[in-house]
Amino acid sequence: MDNKIRIQLSVMMFLQFFIWGAWFVTLGTYLLTDLKTNATEVGVAYLTQSIGAIVAPFIIGLIADKYFPAQKILGVLHVIGAVMLWFCGTAPNFNAFYPYVLIYMIIYMPTLALVNSISFRQMTDPSKQFPPIRFLGTLGWIIAGFAIGWLNWEKSGSLDLTFKTAAAASLLLGLFSFTLPATPPLKKGSKTSVRDILGLDAIGLLKNSSYRIFFLASVAICVPLAFYYNFTNPFLNEVGMNGAAGKQAFGQVSELIFMALMPLFFKRLGVKKMLAVGMLAWVLRYALFAYGDTGANYWMLIGGIVMHGICYDFFFVTGQIYTDELAGEQFKSAAQGFITLATYGVGMLIGFTISGPIVDAHKTTGGLHDWQQIWLIPAAIAAVVLILFLLLFKDRNRGVQLESPAPDKFMPATDAI
């Protein structure tokens, strides 16, 4: 892979995640403060991510893999996405906003797989060449968060600009995509079934009792995860944190650090302990949020944010490695698609559905919320999942070793994520 292609792929990856990070983190705050919605409607808006995650395999499996070059599909989707994002930033109310964000997430989620596909097809050694390019994606998300915090858009009531900024970046990436190296379809003329698209060929993994427990725990732990996505930014702004979006970007910095340290931890702890530490981190994160404030306990708020690296890497990345090892060569891709559909599709769909009504139920006078009681609910859910996991999961695959923290094995990572 020559330097020109490396630069092209790096720019593509940076813009891909800059776009998402520019509006997704502050979406809840925008809806509650600018469009005057309730928390249930915030949950409904975030639910579009799960809908997009469920629809994405069909777009990739039925269109990108069979009919059109990936770079051209990426370009078209991002140009259309730019229009949808602009309309999101100009919508006068939630009823007008929702169709745009729904269409956008159905369009955006497939692009996560497309940018990986385009990257891998240009590489001679993906295990070495992909990580630094994927790092630019996380950097794009971080810079988007820092920029929103520095510009103080949350406190100034200017969050509509997040959508317009993302729209400009999406248009730029859409046009830039047409200059990317040609990535023709690999399955042209072949038959593709719904079973293939959804990764259902890997359903046989559930016959393994240990994997079945892990699978159910993965779905269940995504329920409290949805609370974090939906309401962390509104919570931090309501309690008075300055530049909350910028502070939240430290979660992605933490993710990069722990990703680099994972081989060391994995070798010492093994699968079960790694997964358990990840789930325990969710419990502790929500407890820190419950009792943190912008006074003497400010460190708790920062600690809860920084724990993102442990929350995400120790559970989700370890789980993807565990799935990869058990699936075998024949079903590796199907298994990753299956677990992604279950977590980002089913698990988070449940979480997005229930989190909004719970937050609404804890609304107090003056439009504020009893955040301590709110955060203790996902903490309790995560604690129950952790206890059941420890009691039921048997790590019978102690020989599983972490080969490399290369992100190509762990996609689609939301980095939110």
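Since the model is a prediction, treat every value here as computed from it, not as a measurement.
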If you apply the rule side chain to side chain donor-acceptor pair (under 3.5 Å), what do you find for Thr179 with Gln71, and how did you get there?
CA-CA 8 Å; Thr179 71; Gln71 82 279 4; over 6 Å; no
Heavy atoms, side chains only, cut-off 4.5 Å: are Leu74 and His78 in contact?
yes
Verify side chain to side chain donor-acceptor pair (under 3.5 Å) between Thr124 and Gln129, making sure each step is shown before the conclusion.
CA-CA 8 Å; Thr124 55; Gln129 294 170 338; 3.1 Å; yes
Rounded distance (nearest 0.5 Å) linking atom CG of Leu180 with atom CZ of Phe178
10.0 Å
In terms of ring plane angle, is the pair Tyr100 and Phe87 parallel, tilted or perpendicular, where the classes change at 30° and 60°?
tilted
Does Phe97 have its ring centroid less than 6.0 Å away from the ring centroid of Phe163?
yes
Under 3.5 Å, side chain of Ser158 to main-chain N/O of Trp153, donor-acceptor pair present?
no
Stacked cation flag Arg134 on Phe17, 6.0 angstrom / 45 deg
yes
One pair to check against ring-ring contact (aromatic ring centres under 6.0 Å, His included): Phe214 and Phe393. What are the steps and the verdict?
CA-CA 7 Å; Phe214 158 73; Phe393 182 85; 7.3 Å; no
Could you go through the side chain to side chain contact (heavy atoms under 4.5 Å, CB included) check for Val44 and Phe94 one step at a time?
CA-CA 10 Å; Val44 170; Phe94 183 76; 4.2 Å; yes
Residue pair Asn233, Glu154: steps toward the side chain to side chain donor-acceptor pair (under 3.5 Å) verdict
CA-CA 9 Å; Asn233 191 257; Glu154 294 156 285; 2.8 Å; yes
Any side-chain heavy atom of Val385 sitting closer than 4.5 Å to one from Val223?
no
Do Ile142 and Leu256 make a side-chain contact, defined as non-hydrogen atoms from C-beta onward lying under 4.5 Å apart?
yes
Indicate yes or no for a side-chain donor-acceptor contact from Arg285 to the backbone of Gly304 under 3.5 Å, with no hydrogens or angles considered.
yes
What are the two closest heavy atoms between Phe352 and Tyr46, and how far apart are they?
CE1-O, 3.3 Å
Output, in order, the C-alpha distance, side-chain angles, deciding distance and verdict of side chain to side chain contact (heavy atoms under 4.5 Å, CB included) for Cys222 and Tyr229.
CA-CA 10 Å; Cys222 281; Tyr229 285 159; over 6 Å; no
Drop me the distance from Leu85's CG to Thr165's OG1, to the nearest 0.5 angstrom.
10.5 Å
Met13 and Val115, any side-chain heavy atoms less than 4.5 Å apart:
yes
Taking Thr111 for the side chain and Ile107 for the main chain, is one N or O donor matched with an acceptor at less than 3.5 Å?
no
Arg268 side chain near Leu264 side chain, heavy-atom distance below 4.5 Å
yes
As a quick check of understanding, evaluate side chain to side chain contact (heavy atoms under 4.5 Å, CB included) for Met12 and Leu114, giving each step before the final call.
CA-CA 11 Å; Met12 173 192 72; Leu114 285 171; over 6 Å; no
Have a look at Tyr286 and tell me which of Trp371, Phe235, Trp375 forms a ring-ring contact (aromatic ring centres under 6.0 Å, His included) with it.
Trp375
Between Phe24 and Trp20, does the ring centroid distance fall short of 6.0 Å?
yes
Could you tell me whether the side chain of Arg212 and the main chain of Leu206 form a donor-acceptor pair under 3.5 Å?
yes
Could you check whether any side-chain N or O of Lys72 sits under 3.5 Å from a backbone N or O of Ser177, counting only pairs where one atom can act as donor and the other as acceptor?
no
Under 3.5 Å, is there a donor-acceptor pair between the side chain of Lys155 and the main chain of Gly149?
no
Using every non-hydrogen atom in the two residues, find where Leu349 and Ser50 come nearest and quote the distance to one decimal.
N-OG, 3.2 Å
Taking the six-membered ring for Trp and the full ring for Phe, Tyr or His, determine whether the centres of Tyr108 and Tyr104 are under 6.0 Å apart.
yes
Is any side-chain heavy atom of Tyr98 closer than 4.5 Å to a side-chain heavy atom of Glu41?
no
Determine the minimum heavy-atom distance between Pro110 and Met105, stating which atoms define it.
CD-O, 4.4 Å
Any donor-acceptor pair under 3.5 Å linking the side chain of Thr162 with the backbone of Trp23?
no
Quick check: closest heavy atoms across Pro224 and Ile381, and the distance to 0.1 Å?
CD-CG2, 3.7 Å
Within the distance-only criterion (no hydrogens, no angle test), does the side chain of Gln16 pair as donor or acceptor with the backbone N or O of Gly137 below 3.5 angstrom?
no
Leu236 vs Lys247, test: side chain to side chain contact (heavy atoms under 4.5 Å, CB included). Steps then yes/no.
CA-CA 10 Å; Leu236 295 175; Lys247 303 294 195 308; 5.6 Å; no
All heavy atoms of Val239 vs all of Leu301, minimum pair found to be CG2-CD1, 4.2 Å
Exercise: identify the closest heavy-atom pair between Ala276 and Phe389:
N-CE2, 4.1 Å
Straight-line distance of Ile221 CD1 to Leu386 CG, nearest 0.5 Å
7.5 Å
Parallel under 30°, tilted from 30 to 60°, perpendicular over 60°: which one fits the rings of Phe314 and Phe258?
perpendicular
Reported CD1-to-CD1 distance for the pair Ile143 and Ile148, which is rounded to 0.5 angstrom:
12.5 Å
Test side chain to side chain donor-acceptor pair (under 3.5 Å) on Ser10 and Arg6 and set out the steps.
CA-CA 6 Å; Ser10 297; Arg6 182 178 290 106; over 6 Å; no
Separation between CD1 of Ile103 and OG1 of Thr48, rounded to the nearest 0.5 Å
11.0 Å
Are side-chain heavy atoms of Ile54 and Tyr344 found at a separation under 4.5 Å?
no
Would you say the side-chain atoms of Thr37 pair up with the backbone N or O of Leu31, donor to acceptor, closer than 3.5 Å?
yes
With no hydrogens and no angle check, just 3.5 Å: does a side-chain donor-acceptor pair link Thr232 and Gln248?
no
Could you grab the distance from atom CD1 of Ile213 to atom CG of Leu275, nearest 0.5 Å is fine?
12.5 Å
Close side-chain approach of Ser254 to Ile257, heavy-atom, < 4.5 Å
no
Quick one: sort the His308 and Tyr312 rings into parallel, tilted or perpendicular, breaks at 30° and 60°.
parallel
